[in-house]
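These numbers come from a predicted model, not from an experiment. Note that these values count all heavy atoms, side chains included, but never hydrogens, waters or copies made by symmetry.
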Amino acid sequence: EKDKVAFRIRSSISTKFSWEGNILANTDVERWLADKKGDIEWNYWNAYKQYLLKQGRPLALINENSEIIDNILDLSGDPHTKGKWARKGLVMGNVQSGKTQNFIGLLNKAVDVGYKIIIVLGGHQNELRNQTQARIDEGFIGKLSRNLIAAGIATGAEPVGVGLEPSRQVDAEVIAFTTTERDFNTQHANGINYPLQNTQKPVVFCVKKIKPILESLKRWIVENNNLGEDGTIEAPL
């Protein structure tokens with residue numbers, strides 16, 4: 001009985017990260033984060049860290065997660081690298097191992113280091129996508145996406161989650177093209193009227209992982225964002 005109770009508690013509450021996995025990577029991949037880490041202002045990450053602490057997450061768990069995220073970023077590539085390039089990777093985690101905390105933390109750190117456009121595939125169903133968007137609202141955008149108006153900014157909307165943290169600077173806005181009530185659609189995107197080309201503010205999409213939505217998003221990007229001569233957006237995605 002005791003073992004069963006202990007197992008159920010451990011399965012439902014994240015008490016620690018099990019950093020026992022291996023990193024399998026191409027040895028030719030150039031590592032970059034260590035050389036630049038001291039020069040980066042971790043504005044978005046520090047706000048998320050304080051948010052997690054106020055939720056009662058143990059500092060040791062947050063710090064372990066931070067190390068894992070740094071490894072992911074290190075292998076993802078320096079967003080300031082010039083030219084056309086791509087990097088692919090996979091992160092695997094067990095049930096109740098803190099995967100959502102990990103990927104929301106990654107969004108914040110990715111923006112801090114210079115990534116500008118983020119596309120999150122939020123499951124195949126509306127309910128899963130909406131839940132993922134809600135977590136992004138609290139842990140990354142800092143405002144309720146359903147209140148977003150012109151330019152995808154929740155002007156006048158009450159802050160939530162990381163938006164309540166003093167360390168989150170006032171100008172640290174995130175442009176959101178999706179909300180908890182709305183997946184990506186072209187009409188809404190055109191209404192926001194915010195070009196992705198050379199964007200100075202981070203932009204996030206949380207979309208269902210289904211063909212029509214992804215095709216619509218791709219078509220809108222190609223037709224509405226003044227792609228460069230090589231057919232790319234001049235902003236790290």
Side-chain angles (χ1 to χ4, degrees), residues 40-48 51 69 73 76 79-80 100 103-123 126 129-165 167-209 213-228 232-237:
I40 297 169
E41 294 185 12
W42 299 99
N43 175 27
Y44 288 83
W45 166 253
N46 286 335
Y48 185 57
Y51 166 70
I69 293 171
L73 270 181
S76 296
H80 299 288
T100 302
F103 102 79
I104 297 291
L106 177 61
L107 299 191
N108 284 283
K109 284 203 173 190
V111 166
D112 280 328
V113 303
Y115 280 96
K116 293 298 183 184
I117 303 169
I118 294 170
I119 301 174
V120 177
L121 306 182
N126 284 325
R129 192 211 67 84
N130 295 349
Q131 289 175 358
T132 303
Q133 179 77 60
R135 299 294 292 272
I136 292 173
D137 286 2
E138 294 178 357
F140 179 50
I141 298 174
K143 292 181 179 178
L144 295 177
S145 60
R146 66 172 180 265
N147 295 333
L148 297 183
I149 54 174
I153 303 172
T155 306
E158 290 189 14
V160 297
V162 293
L164 297 169
E165 298 304 323
S167 60
R168 179 71 175 260
Q169 297 175 9
V170 176
D171 61 351
E173 294 173 324
V174 178
I175 308 297
F177 276 83
T178 55
T179 76
T180 49
E181 298 175 351
R182 186 181 327 200
D183 201 339
F184 176 82
N185 71 67
T186 302
Q187 183 178 1
H188 179 63
N190 289 336
I192 291 175
N193 192 29
Y194 187 87
L196 304 184
Q197 185 77 312
N198 290 315
T199 176
Q200 296 303 306
K201 295 180 179 179
V203 174
V204 63
F205 302 80
C206 180
V207 301
K208 286 194 296 295
K209 190 167 56 175
I213 293 291
L214 296 178
E215 286 184 338
S216 177
L217 174 58
K218 179 183 177 180
R219 186 166 53 250
W220 177 81
I221 290 175
V222 170
E223 294 176 355
N224 294 275
N225 288 281
N226 299 319
L227 302 186
T232 64
I233 295 172
E234 295 299 321
L237 180 150

Separation between CG (D137) and NZ (K143), nearest 0.5 Å, reads 12.0 Å

Between N190 and W220, does the side-chain contact (heavy atoms from CB on, under 4.5 Å) criterion hold? Intermediate values first, please.
CA-CA 9 Å; N190 289 336; W220 177 81; 3.0 Å; yes

Considering all heavy atoms, the nearest Q133-I141 contact
NE2-CD1, 3.9 Å

Specify the closest pair of heavy atoms between N225 and Y194, including all atoms of both residues, with the distance to one decimal.
OD1-O, 4.5 Å

Tightest non-hydrogen contact, residues H188 and R182, listed as ND1-NH1, 3.2 Å

Start with the C-alpha distance between I136 and T132, add both sets of side-chain angles, then the distance that settles side-chain contact (heavy atoms from CB on, under 4.5 Å), and finish with yes or no.
CA-CA 6 Å; I136 292 173; T132 303; 4.1 Å; yes

Rounded to the nearest 0.5 Å, how far apart are CG of N224 and CD1 of I221?
10.0 Å

For residues L214 and F184, determine if any side-chain heavy atom of one lies less than 4.5 Å from a side-chain heavy atom of the other.
no

Among L196, N198, T199, V222, find the one that has a side chain to side chain contact (heavy atoms under 4.5 Å, CB included) with I233.
L196

Could you check whether any side-chain heavy atom of V207 comes within less than 4.5 Å of a side-chain heavy atom of L121, counting everything from C-beta outward?
yes

Drop me the distance from I40's CD1 to L73's CG, to the nearest 0.5 angstrom.
8.0 Å

Correct closest heavy-atom pair for A47 and S167 would be CA-OG, 3.3 Å

Minimum-distance pair of heavy atoms, taken over all atoms of Y115 and S76
OH-O, 3.3 Å

Given 3.5 Å as the limit, does a donor-acceptor pair link the side chain of H80 with the main chain of V113, or not?
yes

Any donor and acceptor pair, going by atom type alone, linking the side chain of S145 with main-chain N or O of T180 inside 3.5 Å?
yes

Donor on one side chain, acceptor on other, N108 and W42, under 3.5 Å:
no

Determine whether a donor-acceptor pair (N or O, by modelled atom type, separation under 3.5 Å) exists between the side chain of K116 and the backbone of V203.
no

Any donor-acceptor pair under 3.5 Å linking the side chain of D183 with the backbone of K208?
yes

Any donor-acceptor pair under 3.5 Å linking the side chain of T178 with the backbone of C206?
yes

Hey, is the main chain of Y44 close enough, under 3.5 Å, to the side chain of D112 for a donor-acceptor pair?
yes

Rounded to the nearest 0.5 Å, how far apart are CG of L217 and OG1 of T186?
8.5 Å

Roughly how far, to the nearest 0.5 Å, is CG of L107 from CZ of F140?
5.5 Å

Parallel, tilted or perpendicular: which one describes the rings of F177 and F205, with boundaries at 30° and 60°?
parallel

Minimum-distance pair of heavy atoms, taken over all atoms of E165 and Y51
OE2-CA, 3.8 Å

How many angstroms lie between atom CH2 of W45 and atom CG of L106, to the nearest 0.5 angstrom?
10.0 Å

